[in-house]
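Since this is a predicted model, take the numbers as computed values, not measurements.
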Amino acid sequence: MAAFKKQEIQFVLFSIFALLILFRFQMSHTEVDVSNHFLLLHTLLEMFSVFVSLSIFAQAWVTYFTHRIKSQYFIGLVFLAVGCFDLVHTLTYKGMPFIDDEFSATRATWFWIVARLTESIGIALFVFRPNQLLFIKRGWGLSVTFLFISICTTIILTIPEQLPLLLDEQGVTGLKISLEYVISITMFTTFITLLTRYIKESRPNAESLRMIFALFVMMVGELFFTIYKHVYAIENLLGHVFKFIGFI
């Protein structure tokens with residue numbers, strides 16, 4: 001129990017530290033040149049999250065045969081989509097050798113937004129409506145997930161010029177900021193719900209605590225994406241770092 005309380009204290013202290021960093025950058029923009037190493041760091045951070053996402057799906061796929069827990073299979077499908085979107089986001093990022101043109105930033109940013117919306121809404125459904133997920137069939141769920149991934153990917157890759165602007169010369173647009181706030185609010189609502197359940201539990205467990213902490217850290221990371229001025233900005237990198245910590 002003492003070790004468990006120690007973990008709670010560590011998570012609270014880190015959460016306060018994360019908020020202080022966020023407030024520091026929100027109050028005043030700091031010019032730090034990370035452009036020389038940004039692509040490498042971004043690729044490493046994102047590939048880790050892709051690995052975690054696909055691992056969640058693999059675990060849900062395998063355990064479905066034995067436990068038939070459809071809500072867990074649903075969250076596996078959610079992270080299958082998240083992993084695929086994050087992978088294409090990484091490969092199409094501005095400066096990468098695959099699709100490097102004037103629409104690189106547009107494509108990569110839209111893949112990021114679609115991935116985060118899928119992630120936040122999927123986790124919220126998993127937490128708030130687990131009983132409503134019982135209709136999911138194994139093959140049907142996988143087919144719908146791949147169809148969703150294919151449609152979104154095709155649209156973003158083929159007609160990026162027709163998509164609403166998320167970045168301009170001044171930095172992130174009002175639409176991008178609004179979408180990031182929608183994602184953050186969705187995560188915050190889920191976070192508060194899980195925290196309330198955790199406090200009410202007679203015997204709280206470490207897995208619930210880690211889930212709560214992960215949601216909070218990823219939510220803070222999302223808020224960094226509302227303040228950066230260009231795709232190689234330090235705030236952008238910090239957002240990816242907090243996402244990396246949340247996935248851990």
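Scanning all heavy atoms of the two residues, the minimum distance from Met187 to Ser120 falls at CG-CB, 4.0 Å. For the residue pair Ile75 and Ile123, the shortest heavy atom distance occurs at CD1-CA, 4.0 Å. Closest approach of Ala105 and Thr109 over heavy atoms only: O-OG1, 2.6 Å. Residues Thr186 and Thr190 share a closest heavy-atom pair of O-OG1, 2.9 Å. Contact record, Ala108 with Thr92: CA-OG1, 3.8 Å, taken as the closest heavy-atom pair. A pairwise comparison of heavy atoms in Val78 and Gly122 identifies CG2-CA, 3.8 Å as the closest pair.
Summarising the geometry, atom CD1 belonging to Ile192 is positioned 9.5 Å from atom CD1 belonging to Ile212; distances are rounded to the nearest 0.5 Å. Rounding to the nearest 0.5 Å gives a distance of 9.5 Å between CZ of Phe126 and CZ of Phe74. Atom CG of Asp86 and atom CG of Leu45 lie 11.5 Å apart (nearest 0.5 Å). Rounded to the nearest 0.5 angstrom, Leu223 CG and Ile177 CD1 are separated by 11.5 Å. Note: Leu194 CG to Leu209 CG = 11.0 Å, rounded to the nearest 0.5 Å. A distance of 4.5 Å separates OH of Tyr73 from CG of Leu77, quoted to the nearest 0.5 Å.
Linking ILVMFWY side-chain heavy atoms closer than 4.5 Å, directly or via other members, places Phe216 and Ile185 in two distinct hydrophobic clusters. Tracing side-chain contacts under 4.5 Å through hydrophobic residues (I, L, V, M, F, W, Y), one never reaches Leu40 starting from Leu91; they form parts of separate clusters. Hydrophobic clustering of Ile, Leu, Val, Met, Phe, Trp and Tyr side chains at less than 4.5 Å, counting indirect connections, unites Tyr198 with Phe14. Note on Leu117: it clusters hydrophobically with Tyr181, by side-chain heavy-atom contacts below 4.5 Å among ILVMFWY residues. In the hydrophobic cluster analysis, where Ile, Leu, Val, Met, Phe, Trp and Tyr join through side-chain heavy atoms closer than 4.5 angstrom, Val88 is grouped together with Ile155.
Under a 4.0 Å N-O distance rule, the pair Glu207/Arg210 does not qualify as a salt bridge. A salt bridge is defined here as a Lys NZ or Arg NE, NH1 or NH2 lying under 4.0 Å from an Asp or Glu carboxylate O, and Glu222 with Lys243 fails to meet this definition.
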Should Lys94 and Leu39 be marked as a side chain to side chain contact (heavy atoms under 4.5 Å, CB included) after you check the CA-CA gap, both sets of side-chain angles, and the distance that decides it? CA-CA 9 Å; Lys94 185 176 178 60; Leu39 271 180; over 6 Å; no
Give the intermediate values and the outcome of ring-ring contact (aromatic ring centres under 6.0 Å, His included) for residues Phe224 and Phe242. CA-CA 9 Å; Phe224 274 98; Phe242 277 107; 5.4 Å; yes
| So Glu119 and Phe85, side chain to side chain contact (heavy atoms under 4.5 Å, CB included) or not? Walk me through it. | CA-CA 10 Å; Glu119 178 184 76; Phe85 290 137; over 6 Å; no
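When side chains are defined from C-beta on, Val82 does not count as touching Val50, because their heavy atoms never get closer than 4.5 Å. Within the 4.5 Å cutoff, the side chain of Thr106 has no heavy atoms near those of the Leu166 side chain. By the 4.5 Å heavy-atom criterion applied to side chains, Thr118 and Phe79 are not counted as neighbours. Contact check for Leu41 versus Leu237: side-chain heavy atoms found under the 4.5 Å cut-off. Contact annotation: the side chain of Glu180 approaches that of Trp112 to within less than 4.5 Å [non-hydrogen atoms, C-beta and beyond]. Between Thr43 and Met96, some side-chain heavy-atom pair lies under the 4.5 Å cut-off. Between Met218 and Ile245 the shortest side-chain heavy-atom distance does not fall below 4.5 Å.
Counting heavy-atom neighbours within 6.0 Å of Phe17 CZ, excluding the residue itself, gives a total of 12 or less.
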Side-chain atoms of residues 141-153: list all donor-acceptor pairs with protein atoms under 3.5 Å, sequence neighbours left out, distances to 0.1 Å.
{"from": "Ser143", "atom 1": "OG", "to": "Gly139", "atom 2": "O", "distance (Å)": "2.9"}
{"from": "Thr145", "atom 1": "OG1", "to": "Gly141", "atom 2": "O", "distance (Å)": "2.7"}
{"from": "Ser150", "atom 1": "OG", "to": "Phe146", "atom 2": "O", "distance (Å)": "2.7"}
{"from": "Thr153", "atom 1": "OG1", "to": "Ile149", "atom 2": "O", "distance (Å)": "2.7"}

Show me the side-chain donor-acceptor pairs of residues 52-59 shorter than 3.5 Å, one per line, residues at least two apart or across chains.
{"from": "Ser53", "atom 1": "OG", "to": "Ser49", "atom 2": "O", "distance (Å)": "2.9"}
{"from": "Ser55", "atom 1": "OG", "to": "Phe51", "atom 2": "O", "distance (Å)": "2.7"}

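Distance alone, capped at 3.5 Å, is enough to place a donor-acceptor pair between the Arg107 side chain and the Leu157 backbone. A donor-acceptor pair is defined here as one N or O able to donate and one able to accept, closer than 3.5 Å; such a pair exists between the side chain of Lys176 and the backbone of Phe225.
With 3.5 Å as the limit, one finds a donor-acceptor pair spanning the side chains of His89 and His42.
The aromatic rings of Tyr93 and His240 sit perpendicular, their planes meeting at an angle over 60°, well past the 30° parallel limit.
Residues passing the ring pair (Phe, Tyr, Trp, His ring centres under 6.0 Å) test with Phe247, sequence neighbours excluded: none.
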